[in-house]
Amino acid sequence: EVQLQASGGGLVPPGGSLRLSCAASGFTFDDYVIGWFRQPPGEPREGISCISNSDGTRYYSDLVKGRFTISSDSAKNTVYLEMNSLKPGDTAVYYCAATATLVPASPLLPLWYDSWGQGTQVTVSS
């Protein structure tokens, strides 16, 4: 059974940093793409970054490019999202998800991901 466990959220002031973790189990980690998504209050879920564990290909949403970094540790079956220069607009519930198929034309579309972890709240506020 595919399981994903997101953690690391919290309250941080504007300009601060957080690192989210997504621990994966129940599947061959190196064969999958892991994505990070977020859902601000009252808004639809949006993709922000993903990484292909087979070849290390990374994608970022323009909203986070240059501020967020995704990485993967196959020894720990864990994907990280390092978030820097956080803004109040980054406030959301953050989710990680997995898919066996990367769609290069739209790699951050939630529709392609079929296994989801529970969310972790990130609040950026002074």
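Note that the structure is predicted; figures quoted are calculated from it, not measured. Because only heavy atoms are used, hydrogens play no part in the values below, and waters and symmetry mates are left out as well, while side chains stay in.
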For Ser49 and Tyr59, indicate whether the former's side chain and the latter's backbone hold a donor-acceptor pair under 3.5 Å.
-> yes
Within the side chain of Gln118, is there an N or O that forms a donor-acceptor pair under 3.5 Å with the backbone of Gln5?
-> no
Would a 4.5 Å heavy-atom cut-off, applied to side chains only, mark [X] and [Y] as touching?
{"X": "Met83", "Y": "Val12", "result": "no"}
{"X": "Leu20", "Y": "Val122", "result": "yes"}
{"X": "Ile51", "Y": "Val33", "result": "no"}
{"X": "Ser125", "Y": "Pro13", "result": "no"}
{"X": "Ser71", "Y": "Val79", "result": "no"}
{"X": "Arg45", "Y": "Arg38", "result": "no"}

Separation between [atom1] of [X] and [atom2] of [Y], rounded to the nearest 0.5 Å:
{"X": "Thr28", "Y": "Asn53", "atom1": "OG1", "atom2": "CG", "result": "11.0 Å"}
{"X": "Arg19", "Y": "Ser7", "atom1": "CZ", "atom2": "OG", "result": "9.0 Å"}
{"X": "Ile48", "Y": "Ile70", "atom1": "CD1", "atom2": "CD1", "result": "8.0 Å"}
{"X": "Thr99", "Y": "Tyr32", "atom1": "OG1", "atom2": "OH", "result": "8.0 Å"}
{"X": "Asp90", "Y": "Arg67", "atom1": "CG", "atom2": "CZ", "result": "4.0 Å"}
{"X": "Phe29", "Y": "Lys76", "atom1": "CZ", "atom2": "NZ", "result": "11.5 Å"}

Shortest non-hydrogen separation from [X] to [Y] and the atoms involved:
{"X": "Pro14", "Y": "Ser126", "value": "CD-N, 3.7 Å"}
{"X": "Gly47", "Y": "Ser61", "value": "O-CB, 3.6 Å"}
{"X": "Lys87", "Y": "Val124", "value": "O-CB, 3.2 Å"}

Do NZ/NE/NH1/NH2 and the carboxylate oxygens of Lys65 and Asp62 come within less than 4.0 Å?
-> yes
Can you tell me if [X] and [Y] form a side-chain donor-acceptor pair at under 3.5 Å?
{"X": "Ser106", "Y": "Trp112", "answer": "yes"}
{"X": "Thr123", "Y": "Gln121", "answer": "yes"}
{"X": "Ser54", "Y": "Asp30", "answer": "no"}
{"X": "Asp73", "Y": "Thr78", "answer": "no"}

Derivation and outcome, side chain to side chain contact (heavy atoms under 4.5 Å, CB included), residues Leu18 and Glu82 = CA-CA 6 Å; Leu18 275 176; Glu82 185 75 36; over 6 Å; no
Option among Leu102, Leu109, Ile34 that satisfies the side-chain contact (heavy atoms from CB on, under 4.5 Å) test with Cys50 = Leu102
Could you point out which residue of Cys22, Ser72, Cys96, Ser21 forms a side-chain contact (heavy atoms from CB on, under 4.5 Å) with Tyr80?
-> Ser21
Aromatic ring proximity Phe68/Tyr60, centre distance under 6.0 Å | no
Same cluster (ILVMFWY, side-chain, under 4.5 Å), Trp116 and Val2 | no
Quick one: which of Tyr94, Tyr113, Tyr95 gives a ring pair (Phe, Tyr, Trp, His ring centres under 6.0 Å) with Phe37?
-> Tyr113
